[in-house]
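The next block holds one structure in the form of structure tokens; read it before the comments.
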2 protein chains.
Amino acid sequence: MKLTEAKQQFISSWGAFGTQWGINRTMAQIHALLLVSPHPLTQDDMMEQLSISRGNVNMNIRDLVSWNLVERVIVSGERKEYFTAEKDIWKVATQIIRERKKRELDPMLKLLSQLEQVDGDKKDKETKQFVDMIGDLKKLGNQADKLLDMLVKAEQNWFTGSLLKIFK
Amino acid sequence: MKLTEAKQQFISSWGAFGTQWGINRTMAQIHALLLVSPHPLTQDDMMEQLSISRGNVNMNIRDLVSWNLVERVIVSGERKEYFTAEKDIWKVATQIIRERKKRELDPMLKLLSQLEQVDGDKKDKETKQFVDMIGDLKKLGNQADKLLDMLVKAEQNWFTGSLLKIFK
DNA sequence: CTGAATTTTCAATATTTTATGAAAATAAAT
DNA sequence: ATTTATTTTCATAAAATATTGAAAATTCAG
């Protein structure tokens, strides 16, 4: 496979994987494009390379910036804005974890805490079953929260070295 | 909050969280409904409680069964089929991990291995950058794979006890 | 077998999500 | 200040996804 073809393939597949995870296809593709681009790109570059509209690029690039996966870079002497993606994959992963934790896990734990406050006799079988279920979910959510925090704080290497040895 | 209201809330929010993760809202809601139902339910029960059509219930329940999160149960003396959800939340979580690994992570690793085979001189800077990136992604994917395997094999308790202590 | 109950399928429809493109806003150059 | 380049917004259009409901298929009881 030629390099250009491989990049194309990567971009397109990355988009497809993204949708499985509730991520807009174009957003994932733009991210992939920036990952495989040696130099920062302008919005026009992205429009052209992905055959998408200006508005589409603009909205999705803003989203990526808000996720801290992409940043604007200023190229001296150029009027247009350029964009570049963090290339360190471990950093990318931990940043995604950070954001999803904040946007999804935290709200879910908050909801579960509220639901635990259901009134009614905890001796009542049905109430108890419900409260227990919510409690178990919360416990799981908190464990996930801690595990993810550890990952985010760890070095990628440490992960490979220590973590994987301990278990197994 | 009353129990019925809390269950309602749980079902509806579970559906909303599901969509963020690329899971059909109704599928998530059916799962939630079964999680909070003390007894197995028929398709008619679900139609009524969620106000959705027969076809919708049927397709989504089949999906849930294929994910091994829900199973058909036979109630003696009854002609209709009943469905029940695994209530052990840790089992639910590991089963979801198992399935997503199989359906998403495995194919992604396969793709990355293919892309690594891009032809062209590895001394060429652009080729090298691309191959390195793919390699890094693959490494990350493999680490995730191993970590998830460990989780799936572990006892929930072991997780809380050992894992979280080791890190800190 | 026959017929009633139940489940499954799937074309048509509705809903939700995403993308477009032109107009408005902003920023820079002259 | 005016013109030109660039970015942003957002109403509308298009595409993707989910839902309905009725017909077909299946299952089971008698």
Side-chain angles (χ1 to χ4, degrees), chain A residues 11-34 39-67 70-84 103-104, chain B residues 11-34 39-67 70-84 103-104:
Chain A
I11 291 168
S12 137
S13 305
W14 208 243
F17 282 119
T19 55
Q20 290 191 295
W21 281 88
I23 288 156
N24 176 293
R25 186 197 305 304
T26 303
M27 179 167 153
Q29 288 187 345
I30 291 177
H31 188 219
L33 172 61
L34 289 173
H39 308 294
L41 301 181
T42 65
Q43 296 193 179
D44 287 271
D45 294 334
M46 303 178 215
M47 285 170 66
E48 189 188 326
Q49 296 203 42
L50 301 176
S51 311
I52 56 179
S53 71
R54 182 175 304 287
N56 199 4
V57 168
N58 189 268
M59 287 170 85
N60 285 110
I61 203 83
R62 286 161 69 72
D63 247 337
L64 283 165
V65 169
S66 87
W67 277 73
V70 165
E71 66 175 1
R72 287 166 208 271
V73 288
I74 289 158
V75 174
S76 61
E78 290 278 1
R79 179 140 167 206
K80 284 187 179 173
E81 290 180 311
Y82 283 75
F83 296 89
T84 190
R103 297 174 189 219
E104 293 154 25
Chain B
I11 291 167
S12 137
S13 304
W14 209 243
F17 282 118
T19 55
Q20 291 191 295
W21 282 88
I23 288 155
N24 177 295
R25 188 197 302 309
T26 302
M27 179 167 154
Q29 288 188 345
I30 291 177
H31 188 219
L33 172 60
L34 289 172
H39 307 295
L41 301 182
T42 64
Q43 296 193 179
D44 287 272
D45 294 334
M46 303 178 214
M47 285 170 65
E48 189 188 326
Q49 296 204 43
L50 301 176
S51 311
I52 57 179
S53 72
R54 182 174 304 287
N56 199 3
V57 168
N58 190 268
M59 288 172 91
N60 284 109
I61 203 84
R62 286 162 68 73
D63 247 338
L64 284 165
V65 169
S66 87
W67 276 73
V70 165
E71 66 174 2
R72 288 166 207 270
V73 289
I74 289 159
V75 174
S76 61
E78 290 277 1
R79 175 134 173 213
K80 283 188 179 172
E81 289 181 311
Y82 283 75
F83 296 88
T84 190
R103 296 174 189 218
E104 294 154 25

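In what follows, chains carry the letters A, B, and so on, assigned in the order in which the sequence lines appear, proteins first and then strands, with residues in each chain numbered from 1. All of these numbers come straight from a predicted model, not from anything done at the bench.
Rounded to whole Å, the distance from CD on B:Glu78 to P on C:dA5 is 14 Å. Nucleotide D:dT19 holds its P atom 8 Å from the CZ atom of B:Arg25, rounded to whole Å. To the nearest angstrom, C1' of D:dA5 lies 10 Å from CG of A:Asp44. Straight-line distance from the CZ atom of A:Arg54 to the C1' atom of C:dA25: 14 Å, rounded to whole Å. Taking atom CD1 of residue A:Ile23 and atom P of nucleotide C:dT18, one finds them 11 Å apart after rounding to whole Å. When rounded to the nearest whole Å, the span between CG of A:Asn60 and C1' of D:dT9 equals 14 Å. Separating the CD1 atom of B:Ile74 from the P atom of C:dT7 is a distance of 12 Å, rounded to the nearest angstrom. Distance, B:Gln43 CD to D:dG21 P: 16 Å, rounded to whole Å.
No side-chain donor-acceptor contact under 3.5 Å links B:Asn58 to the backbone of B:Gly55.
If you check every strand for non-hydrogen atoms under 4.0 Å, A:Thr42 touches nothing. A:Asn24 comes within 4.0 angstrom of sugar-phosphate atoms only, judged by non-hydrogen atoms across all strands, and of no base.
Distance from the side chain of B:Asn56 is smallest for D:dT20 among the nucleotides D:dT20, C:dG21, C:dT8. The side chain of B:Ser53 approaches D:dG21 more closely than any other nucleotide in the set C:dT7, D:dG21, C:dT18.
Looking at every heavy atom in both residues, A:Ala28 comes nearest to A:Gly18 through CB-CA, 4.3 Å. Of all heavy-atom pairs between A:Ile52 and A:Asn56, the closest is CB-ND2, 3.9 Å.
Residue-environment remark: CD (B:Glu104) exceeds the threshold of 12 foreign heavy atoms within 6.0 Å.
A sub-4.0 Å separation between OP1 or OP2 of C:dT7 and a side-chain N or O of B:Asn58 is absent. In this structure, A:Arg62 does not reach the D:dT7 phosphate: none of its side-chain N or O atoms is under 4.0 Å from OP1 or OP2.
How far CD1 of A:Ile61 is from OG of A:Ser66: 11.0 Å, rounded to the nearest 0.5 Å.
Annotation: of the two residues near DNA chain D, A:Arg79 and A:Arg72, the 5′-most nearest-nucleotide partner is A:Arg79.
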